[in-house]
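First the structure, in the form of structure tokens, and then the observations on it.
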Amino acid sequence: MITVTKKDLIKLGYGPSFSADIIRQAKKLMISKGHTYYQSKKLDRVPKEAVEEVLGITFESE
């Protein structure tokens, strides 16, 4: 599973605050899908697919 952090989103050109919001929304999405592991406040890494679903875009493969 490929994961994304706030720093990764900042490197892509998103602002620090917006990057944090994206991660927060992706965590909520994962929790709603039954992955309670993402309820941890210290966890700052989410699956790439969750971020793509929140943003409505797909990232290019590296």
Spacing of CD belonging to E52 relative to CD1 belonging to I22, to within rounding of 0.5 Å: 12.0 Å

V54 reachable from L43 in the ILVMFWY side-chain graph, under 4.5 Å edges: no

Separation of H35 NE2 from K27 NZ (nearest 0.5 Å): 14.5 Å

Within one Ile-Leu-Val-Met-Phe-Trp-Tyr cluster: L12 and I57, side-chain cutoff 4.5 Å: yes

Distance (rounded to the nearest 0.5 Å) between Q25 CD and D21 CG: 6.5 Å

same_hphob_cluster(L29, F18) at 4.5 Å side-chain heavy-atom cutoff: no

pair F59-I2: side-chain heavy atoms closer than 4.5 Å: no

Step-by-step salt bridge (charged side-chain N to carboxylate O under 4.0 Å, His left out) determination, K33 to E49: CA-CA 13 Å; K33 290 184 177 184; E49 291 80 17; over 6 Å; no

Nearest heavy-atom neighbours spanning I23 and T5: CD1-C, 3.9 Å

Closest contact, heavy atoms only, P16 versus K6: O-CE, 3.4 Å

side-chain hydrogen bond (donor to acceptor under 3.5 Å, both in side chains) pairs, two or more places apart, involving residues 9-20: none

Members besides I10 in its Ile/Leu/Val/Met/Phe/Trp/Tyr cluster (side-chain heavy atoms under 4.5 Å): none

Separation of K7 NZ from R45 CZ (nearest 0.5 Å): 10.0 Å

